[in-house]
Q: 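Mind having a look at this structure? Questions to follow.
Note that ligands are numbered from 1 as they come in the structure, with each ligand's atoms numbered from 1 the same way. The first residue in the sequence is number 1, and the count goes up from there.
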Amino acid sequence: MSHEKKALFIIFGGTGDLAKRKLYPSLFRLFRKGSINKHFAVIGTARREWSDDYFREVVTDSIQSLKPSQQELADFISHFYYQSHNVNDTEEYKILGNLANELDSTYELEGNRLFYLAMAPRFFGTISKHIKSEKIMTEHGFSRLVIEKPFGTDFETAQQLNSEIAAVFNEDQIFRIDHYLGKEMIQNISAVRFGNNIFESLWNHRYIDNVQITLAEDLGVEERGGYYDQSGALKDMVQNHILQVVALLAMEPPTLFSEEAIRTEKITALKAIRVYNDQEVKENFVRGQYVAGKTADTNYKEEPGVDENSQTETFVAGKLMIDNFRWAGVPFYIRTGKRLSEKGTRINIVFKSTPINVFREADTSHKDLPDNILTIYIQPTEGFSLTLNGKEVGDGFNIDPVKLNYRHSQENLDNSPEAYEKLLLDCLKGDATNFTHWDEVANSWKIVDTVRETWDKETTDIPTYPAGSMGPHCAFDLLEKDNRQWVWEPDSWDK
Ligand SMILES: NC(=O)C1=CN([C@@H]2O[C@H](COP(=O)(O)OP(=O)(O)OC[C@H]3O[C@@H](n4cnc5c(N)ncnc54)[C@H](OP(=O)(O)O)[C@@H]3O)[C@@H](O)[C@H]2O)C=CC1
Ligand SMILES: O=C1O[C@H](COP(=O)(O)O)[C@@H](O)[C@H](O)[C@H]1O
């Protein structure tokens, strides 16, 4: 049976960075695999006055790294059409609707439409409203809305945005993208937890001492200074990606690996994360801003688009507490930042020590036994490691911590679908497991809003850290005051 999906993709913001860097290459990968084939069409739309031919040249450039054959390329780009359109102009939606109907009939798309809003969120409400009022949604086939982050700038604006969208689309038609949920090793969290009794039976406060999540980036804000300076690391990374990872790590086992069961458990986990008051925010969250250092000679404040007096954080670290039976007393330490020493996304599960150290006299070098740590490597390498204590070979009885290490091979990585490709295919299938439900977004905002509000009242200058370090001192102090430290080694796996 053919696994071809039939659909019209209408990409709002079709001339933008996201469309070129992520969406067109992902569509090409789906085309190459046959997930979309004869029965699909793409309308790119934005204000620029492009022709179909020019649009097809842009799409061609965007997929060069995938080395399409001439035949593949010609077939693929023949499905692309461009319509110049200002989303604030009601009349222009009529032209868009006519083109959509025409393509529906030419490519026999059965009324299936996927509206991808690759644009600033301030436009989401007006686009949704016009999609309905100008009858661009069909009455047969599916109509799905894919929206990008940021979903609002706080709980209130997110709620407003949600009600504008919900006036047109039902929750099951809305696909809120969080590209971390499309990453192979983020999806693997559930496999590790629920596929291995050795872990699931230990996955609680009795055996886990603390959990650490690091999303480190070596790059700075690049060309996105204007956006980033309004957002900062807390809203850019914690409200969405990090809290989604926390939810996957902390949730109760679903009764079945289904969209509904997983979503229910994730929402319950997010609701159990403690919402801090002012004083608790000060004790449990720290931030920083990069300045020139060994990997860059520019201060954040001098980046294009950034205010020269900016107090925006490019780094945040925090301690989350989850108030339920499973996680009572177990801190979830999180941190993320730009211009850190390397690009590295890791989860470390640090297990509790044995009740007593029976080797304390035999091996004086290990008066405290090294921790057992399960590390999940998300990127750049993908895999797991588990540190175990064994006996050093030879006389005497010294403890030798060994690391069981596994990484996906380069071949596996090359063949594995990119996050956006997976998520687009999920949208075509109508599977929202790896998308964020409104209740998840709402709870995440409630958690970060109190942090932001406390920081907004601060009168002292934001702490700084040099580019190429792992963040400001206060991020290390945060764990030291709990007698713990960040687990971090350069990701030097040899393939
Ligand atoms: N780029 C990335 O890596 C990521 C982006 N995102 C999110 O994706 C969205 C898009 O980001 P990105 O592609 O970087 O942004 P860009 O600024 O590159 O693109 C914005 C697009 O919107 C179009 N546009 C702007 N105003 C109008 C208008 N009035 N009518 C019609 N089209 C308009 C622009 O085209 P024109 O000027 O021709 O009208 C352009 O195609 C944002 O929400 C961003 O936060 C999320 C994660 C990563
Ligand atoms: O959503 C975002 O994510 C990227 C980091 O994504 P990754 O897949 O490269 O880890 C981040 O650079 C960007 O600021 C943020 O908006």
Q: Can you list the ligand 1 atoms lying under 4.0 Å from a non-hydrogen atom of Pro121?
A: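 Listed by number with element: 43 (O).
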Q: Are Thr214 and Arg346 linked by a side-chain donor-acceptor pair shorter than 3.5 Å?
A: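 On atom types as modelled, these side chains do not qualify, holding no pair under 3.5 Å.
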Q: So, Asn348 versus Tyr333: side-chain donor-acceptor pair below 3.5 Å or not?
A: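 Tyr333 and Asn348 do not have a side-chain donor-acceptor pair below 3.5 Å.
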Q: Consider ligand 1: state whether an atom of it lies below 4.0 angstrom from any non-hydrogen atom of Arg21.
A: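 Under 4.0 Å: yes for Arg21.
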Q: May I ask you to say whether Lys422 pairs ionically with Glu184, meaning some side-chain N is under 4.0 Å from a carboxylate O?
A: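 Salt bridge present between Lys422 and Glu184.
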Q: Using ring-ring contact (aromatic ring centres under 6.0 Å, His included) as the criterion, list what pairs up with His241, not counting sequence neighbours.
A: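 Listed in chain order: His179, Tyr180.
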Q: Which atoms form the tightest heavy-atom contact between Phe169 and Gln173, and what is the distance?
A: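 Scanning both residues completely, I find the closest heavy atoms to be CA-OE1, 3.5 Å.
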Q: Tell me, which protein residue and heavy-atom name are nearest atom 20 (C) of ligand 1, and how many Å apart are they?
A: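 Answer, as residue, atom name and distance: Ala118 O, 4.1 Å.
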Q: Apply ring-ring contact (aromatic ring centres under 6.0 Å, His included) to Tyr465 and list each qualifying residue two or more places apart in sequence or on a separate chain.
A: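 Partners of Tyr465 by the ring-ring contact (aromatic ring centres under 6.0 Å, His included) criterion, ordered by chain and then number, come out as Phe315.
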Q: Over 60° means perpendicular and under 30° means parallel, so tell me whether Trp438 and Phe155 are parallel, tilted or perpendicular.
A: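 Answer is parallel, since the angle falls under 30°.
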Q: Show the atoms of ligand 1 that are less than 4.0 angstrom away from any heavy atom in Phe123.
A: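 Checking each atom against Phe123, I get 26 (N), 29 (N).
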Q: Among all protein heavy atoms, pick out the one at the shortest distance from atom 21 (C) of ligand 1; state its residue, atom name and that distance to 0.1 Å.
A: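 It is Gly13 CA, 3.7 Å.
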Q: Ignoring hydrogens, just give me the one of Arg47, His85, Lys20 whose non-hydrogen atom is nearest atom 26 (N) of ligand 1.
A: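 Considering heavy atoms of Arg47, His85, Lys20, the nearest to atom 26 (N) of ligand 1 sits in Arg47.
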Q: Can you tell me the protein heavy atom closest to atom 12 (P) of ligand 1 and the distance?
A: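 The closest one turns out to be Leu18 N, 3.9 Å.
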Q: Any side-chain hydrogen bond (donor to acceptor under 3.5 Å, both in side chains) pairs touching residues 146-163, not counting sequence neighbours?
A: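 Counting only pairs at least two positions apart or across chains, the side-chain hydrogen bond (donor to acceptor under 3.5 Å, both in side chains) contacts touching residues 146-163 are Tyr116-Glu148, Glu148-Tyr420, Lys149-Asp236, Thr153-Thr157, Asp154-Thr157, Gln160-Glu164, Asn162-Arg176.
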Q: Is Tyr420 close to ligand 1, meaning an N/O of one under 3.5 Å from an N/O of the other?
A: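 Between Tyr420 and ligand 1, no N or O pair is found under 3.5 Å apart.
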Q: What is the nearest protein non-hydrogen atom to atom 30 (N) of ligand 1, stated with its residue, atom name and distance?
A: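 Scanning the protein heavy atoms, the shortest distance from atom 30 (N) of ligand 1 goes to Val87 N, 3.1 Å.
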Q: At what distance is the nearest protein heavy atom to atom 40 (C) of ligand 1, and which residue and atom is it?
A: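 So the nearest neighbour among protein heavy atoms is Thr15 OG1, 3.5 Å.
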Q: Decide salt bridge (Lys or Arg N to Asp or Glu O under 4.0 Å) for Arg452 and Glu313; before the verdict, give the C-alpha distance in whole Å, the side-chain angles of both, and the deciding distance to 0.1 Å.
A: CA-CA 10 Å; Arg452 185 71 265 165; Glu313 75 288 354; 2.9 Å; yes
Q: Of all heavy-atom pairs between Val487 and Gln212, which one has the smallest distance, and what is that distance?
A: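 It is N-OE1, 2.8 Å.
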Q: Can a donor-acceptor pair be found between the side chains of Glu223 and Tyr228 at a distance below 3.5 Å?
A: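 Looking only at side-chain atoms, Tyr228 and Glu223 do not form any donor-acceptor pair under 3.5 Å.
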Q: Going by the closest heavy atom to atom 44 (C) of ligand 1, which one wins out of Arg48, Lys149, Glu49, Glu223?
A: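 That would be Lys149.
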Q: For the residue pair Tyr107 and Tyr81, categorise the inter-ring angle as parallel (less than 30°), tilted (30 to 60°) or perpendicular (more than 60°).
A: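 Answer is perpendicular, since the angle exceeds 60°.
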Q: Which atoms of ligand 1 are found less than 4.0 Å from any heavy atom of Pro150?
A: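 What qualifies from ligand 1 is 45 (O).
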Q: If you look at each N/O of ligand 2, which protein N/O atoms lie under 3.5 Å away, and at what distance?
A:
unit_1, atom_1, unit_2, atom_2, d
ligand 2, 1 (O), Lys149, NZ, 2.7
ligand 2, 1 (O), His241, NE2, 2.7
ligand 2, 6 (O), His179, NE2, 3.2
ligand 2, 8 (O), His179, NE2, 2.8
ligand 2, 8 (O), Lys183, NZ, 2.6
ligand 2, 9 (O), Lys343, NZ, 2.9
ligand 2, 10 (O), Tyr180, OH, 2.4
ligand 2, 10 (O), Lys343, NZ, 2.7
ligand 2, 10 (O), Gln379, NE2, 2.6
ligand 2, 12 (O), Glu217, OE1, 2.6
ligand 2, 12 (O), Glu217, OE2, 3.3
ligand 2, 12 (O), Lys338, NZ, 3.1
ligand 2, 14 (O), Arg224, NH1, 3.2
ligand 2, 14 (O), Asp236, OD2, 2.6
ligand 2, 14 (O), Lys338, NZ, 2.9
ligand 2, 16 (O), Lys149, NZ, 2.7
ligand 2, 16 (O), Arg224, NH1, 3.4
ligand 2, 16 (O), Arg224, NH2, 3.4
ligand 2, 16 (O), Asp236, OD1, 2.7
ligand 2, 16 (O), Asp236, OD2, 3.4

Q: Thr336 versus Leu234: any side-chain heavy-atom pair under 4.5 Å?
A: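 No, too far: nothing below the 4.5 Å cut-off.
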Q: Considering heavy atoms of the protein only, find what lies nearest to atom 46 (C) of ligand 1 and give residue, atom and distance to 0.1 Å.
A: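 Closest protein heavy atom to atom 46 (C) of ligand 1: Glu148 OE1, 3.2 Å.
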Q: With nothing but distance in play, are any N or O atoms of Gly16 less than 3.5 Å from an N or O of ligand 1?
A: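 Checking ligand 1 against Gly16, an N or O pair does fall under 3.5 Å apart.
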Q: Any non-hydrogen protein atom below 4.0 Å of atom 35 (O) of ligand 1?
A: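 So far as the 4.0 Å threshold goes, atom 35 (O) of ligand 1 is in reach of a protein heavy atom.
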Q: In ligand 1, which numbered atoms sit nearer than 4.0 Å to a non-hydrogen atom of Asn86?
A: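 Those of ligand 1 that fall under 4.0 Å from Asn86 are 28 (C), 29 (N), 30 (N).
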Q: Does the plane of the ring in Tyr54 sit parallel, tilted or perpendicular to the ring in Trp50? Use 30° and 60° as the thresholds.
A: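 Answer is perpendicular, since the angle exceeds 60°.
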Q: Hey, can you tell me if Phe31 and Phe40 have their rings parallel, tilted or perpendicular (30° and 60° cut-offs)?
A: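 Phe31 vs Phe40 ring planes: tilted.
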Q: Specify the protein heavy atom at minimum distance from atom 33 (C) of ligand 1: its residue, its atom name, and the distance to 0.1 Å.
A: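 Its nearest protein heavy-atom neighbour is Met119 CE, 3.3 Å.
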Q: Which residue holds the protein heavy atom closest to atom 14 (O) of ligand 1, what is that atom called, and what is the gap in Å?
A: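 So the nearest neighbour among protein heavy atoms is Asp17 CB, 3.6 Å.
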